[in-house]
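For reference, the structure is listed below as structure tokens.
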There are 2 protein chains.
Amino acid sequence: MERSLLYKRRIVKHLYFSNMLSCADLSDKIHKSIPLTTKMLSKLMEEGTVTETGYAASTGGRRPVMYSLKEDVMYVVSVAMDQLVTQIAILDMQNRNVTNTELFELPLTKNPDAPTALAEKINEIILRSGIPKNKIAGIGIGMPGFVNSVKGINYTFLETEGVTISQYISTKVKLPVYIDNDSRLIALAELKFGAARQRKNALVINVGWGVGLGMILEGELFRGHDGFAGEFSHIPLFLNNKLCSCGKSGCLETETSLLVVIEKARNGLKGGKLSMLNEQELSANNPEKAFINIVAAAGKGDKFAVEILSEAGYNIGRGVAILIHLLNPEVVILSGRGSTAGKIWQAPIQQALNEHCIPRLSVNTEIEVSVLGYNAELTGAAALVMENYEREEIKNLIYENRMY
Amino acid sequence: MERSLLYKRRIVKHLYFSNMLSCADLSDKIHKSIPLTTKMLSKLMEEGTVTETGYAASTGGRRPVMYSLKEDVMYVVSVAMDQLVTQIAILDMQNRNVTNTELFELPLTKNPDAPTALAEKINEIILRSGIPKNKIAGIGIGMPGFVNSVKGINYTFLETEGVTISQYISTKVKLPVYIDNDSRLIALAELKFGAARQRKNALVINVGWGVGLGMILEGELFRGHDGFAGEFSHIPLFLNNKLCSCGKSGCLETETSLLVVIEKARNGLKGGKLSMLNEQELSANNPEKAFINIVAAAGKGDKFAVEILSEAGYNIGRGVAILIHLLNPEVVILSGRGSTAGKIWQAPIQQALNEHCIPRLSVNTEIEVSVLGYNAELTGAAALVMENYEREEIKNLIYENRMY
DNA sequence: TAACTTTTATTAAATAATTAAGAAGTTAAT
DNA sequence: ATTAACTTCTTAATTATTTAATAAAAGTTA
């Protein structure tokens, strides 16, 4: 059948992820010969999807022509949700915002209207952008909870009777929808555009209100049998009898979540600890601010702030030690919104690894702090759409799964 | 180039693992059309590698002809080592022993002659079998220690100066050699011939003197970046201050290894515990026997024996709970030599999961006991050879990695 | 600056692989 | 029994893809 359609989409996908590639690079990536790749590329240029972008430096011979996607051939709608706030952005093929990132409150707990509100907001933003829907490759959504990305189901939030949340949004917005767990999308972002690029085995810790985990195993985002892999924050690690939100006690989260950190800071101050922090800065009403203040104090060298952050970092490190024993990754990346604290945590985590890892395992594992930072989840949501891009039009191709 | 060579090897491989397949099955598995697969099959029949083995039952239409490997077209040398004893067997294409399994003592610690002794023993057994070397696909070896299967290196045992242990044996025996960690080979055996067959995500616990782990992730044996993945027995899980053989304290192994179980039994008896066991049966000189006696007593309902076994089982279960949170497997399989104790352990492990797992994760995970049992490692070693079979002659095929 | 090596690009010829159509064997229902 | 539905098998026609040969562009060397 029309296999060239598949190859073309594959080329588009690779150009999206790599930004600029030569014909030989692409031939390698799509596992097709150079003449065939050339043919596909010229078709794509005819169609106006791809442009030549000059020559790469010579490596000792003729310089290769480089190809890129035209930035306006397609767009992706990226959505990053947490339990209270949702962000939406529209990105072009260079991952650049074409509208400002919209931020609005959308509580997920006990809110049966959340799916409707989400769909309407997405529709509104697309409409306002003026981009025609046939120019949008799809909608990628990162959300908390137990998410099965393949089935498109969120088992924890965003209940929609009779249909999956993906189907629901998809029929309302009339575009393909892909969802996944927030931590996993952050890992995907790191794999495609961040510190895990070119790495085959990487673990990405999502430092946020909880401690999430996304795993890159053998070059692919790992999801597990039901799509629930990576429940790092609920591994039973402590005998502290502290009840966790999940109903069990002793979860990693009970000693490492940012809320616990703030709580400890507050108790410390009450107990008379010396610090440049004051109780007002740690107000329970604004945990976001409270955490930023603690990190800022630590950055300025406040001993007490460093101490409580280090304690949490050390405990995360104990968890990471387990991960390293089991999965032997090449690199562990601290990412997510709380990665601002990453630099402070690097030392205590390393300390925990020195104490709890077999040296042969820990010496080969780097600990890195993400450079993607705040935007990781939105980037990951876009990457999710483009990962699936070749599948969309190919569903009718019988031999799709027989080819690269 | 000669791609048909690759396809033929691929077919041979699949026939080895599945024993009997129709042309349509094979077409599916090698991702080639039916006419092409037919062509390859008839070539293989001409060469005398494959035979028709009658018809399969109809599924509502014409019955498919089934194909199998001739059992004597090729053989595999399987080696299963532990720190004291090494087993060697020669298997045919139906995984049947063609010689008796040879068992001999070969201590690995502080024994610089071990590699030489191993190579000589292998040579001797091949010679004695009368099988010509060109009929042997290769040698598969399972061994304890930190093993990098891809590089063919064992970092813990079997030191050979200047060359890897694989290269060493290979040049001495003049056959391709593949090695891997014992627990991982057991997992491979379960994947190809045991309880993990057709499963995409399975964890295989190797119950032996330690507690090993082999992971099947996305249908493949997972090895990690340096090949060290699966160090389950050394995850830091206890605050018991018991020193582990690895130098750290609190490792899972310090509460679950069979030696610890025997030790506890002995101490219990000394402390006056009521049991049908007596101290003589638990002699330190023969731990193998001691363990069998404990399991036997438990099987007969001895309360004390059940108690200490359950305790170890529960602690393994705590470790398994962590695995399930992180990897969300479809099934957890208790395998290896100690899997005789598996049935006794099923209950306490399940108990630990109920206490330490988020229900959504544990309810979807089955706990199974292996049926492969004692032979798992030898089977896995053979499977390792055949997994690599298609690569061996194809190394010169430029496009090898571009095709299925 | 010419000769040579290296890398990329283009084309035509050769081969590899699939599709499509029809024949043949089974089951099940009328 | 006969027919319909379905699966497997076989063959020829068609299409897809690669190989190999050549040209073109850069760098390297003497």
Sub-3.5 Å pairs of nitrogen or oxygen atoms, protein against nucleotides 1-4 of chain D:
none

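Atom pair Leu5(B):CG and dA16(C):C1' shows a separation of 15 Å (rounding to whole Å applied). dT7(C) atom P lies 12 Å from atom CD1 of Ile34(A), rounded to whole Å. Atoms CG (Leu26(A)) and C1' (dA9(C)) sit 15 Å apart, rounded to a whole Å. To the nearest angstrom, C1' of dT7(C) lies 13 Å from CG of Asp25(A). Rounded to whole angstrom, the span from the NZ atom of Lys39(B) across to the P atom of dT8(D) amounts to 21 Å. In this structure, the CG atom of Leu41(A) is 13 Å from the C1' atom of dT8(C), given to the nearest Å. Remark: C1' of dT18(D) and NE2 of His31(A) are 16 Å apart, rounded to the nearest angstrom. Residue Lys8(B) contributes atom NZ, which lies 13 Å from atom P of dA17(C) at whole-angstrom precision.
Arg9(A) CZ to Glu390(A) CD: the interatomic distance, rounded to the nearest 0.5 Å, is 9.5 Å. Distance CE/Met386(B) to CG/Leu188(B): 12.0 Å, rounded to 0.5 Å. With rounding to the nearest 0.5 angstrom, the CD1 atom of Ile169(A) is 12.5 Å from the NZ atom of Lys174(A).
The ring-ring contact (aromatic ring centres under 6.0 Å, His included) test applied to Tyr75(B) returns no partner, not counting sequence neighbours. Every residue two or more places apart in sequence or in another chain that forms a side chain to side chain contact (heavy atoms under 4.5 Å, CB included) with Ser149(B) is listed here: Asp180(B), Arg223(B), Leu384(B). Looking at residues two or more places apart in sequence or on another chain, you find a side chain to side chain contact (heavy atoms under 4.5 Å, CB included) between Ser370(A) and Glu190(A), Ile333(A), Ser335(A), Leu372(A).
A heavy-atom distance below 4.0 Å to DNA chain C is reached by none of the residues of residues 13-21 of chain A.
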* Starting at the 5' end of nucleotides 25-30 of chain C, put B wherever the base has a protein heavy atom under 4.0 Å, S where only the sugar-phosphate does, and a dash everywhere else. => BBS---
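Residue Arg3(B) places no side-chain N or O under 4.0 Å from the OP1 or OP2 atom of dT18(D).
Taking only side-chain atoms of Pro64(A), from C-beta outward, the nucleotide of dT18(C), dA9(C), dT18(D) with the closest atom is dA9(C).
Counting only heavy atoms from C-beta outward, the side chains of Thr379(A) and Asn95(A) approach each other to under 4.5 Å. At a threshold of 4.5 Å between non-hydrogen side-chain atoms, the residues His14(A) and Ile30(A) count as touching.
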* Applying side-chain hydrogen bond (donor to acceptor under 3.5 Å, both in side chains), run through Tyr67(B) and Asp25(B) and close with a yes or a no. => CA-CA 10 Å; Tyr67(B) 300 89; Asp25(B) 296 335; over 6 Å; no
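Annotation: Tyr178(B) is not in aromatic contact with Tyr389(B) [ring centroid separation under 6.0 Å not met].
A cation-pi geometry, defined here as NZ or CZ lying under 6.0 Å from the six-membered ring centre and within 45° of its normal, holds between Lys192(B) and Phe17(B).
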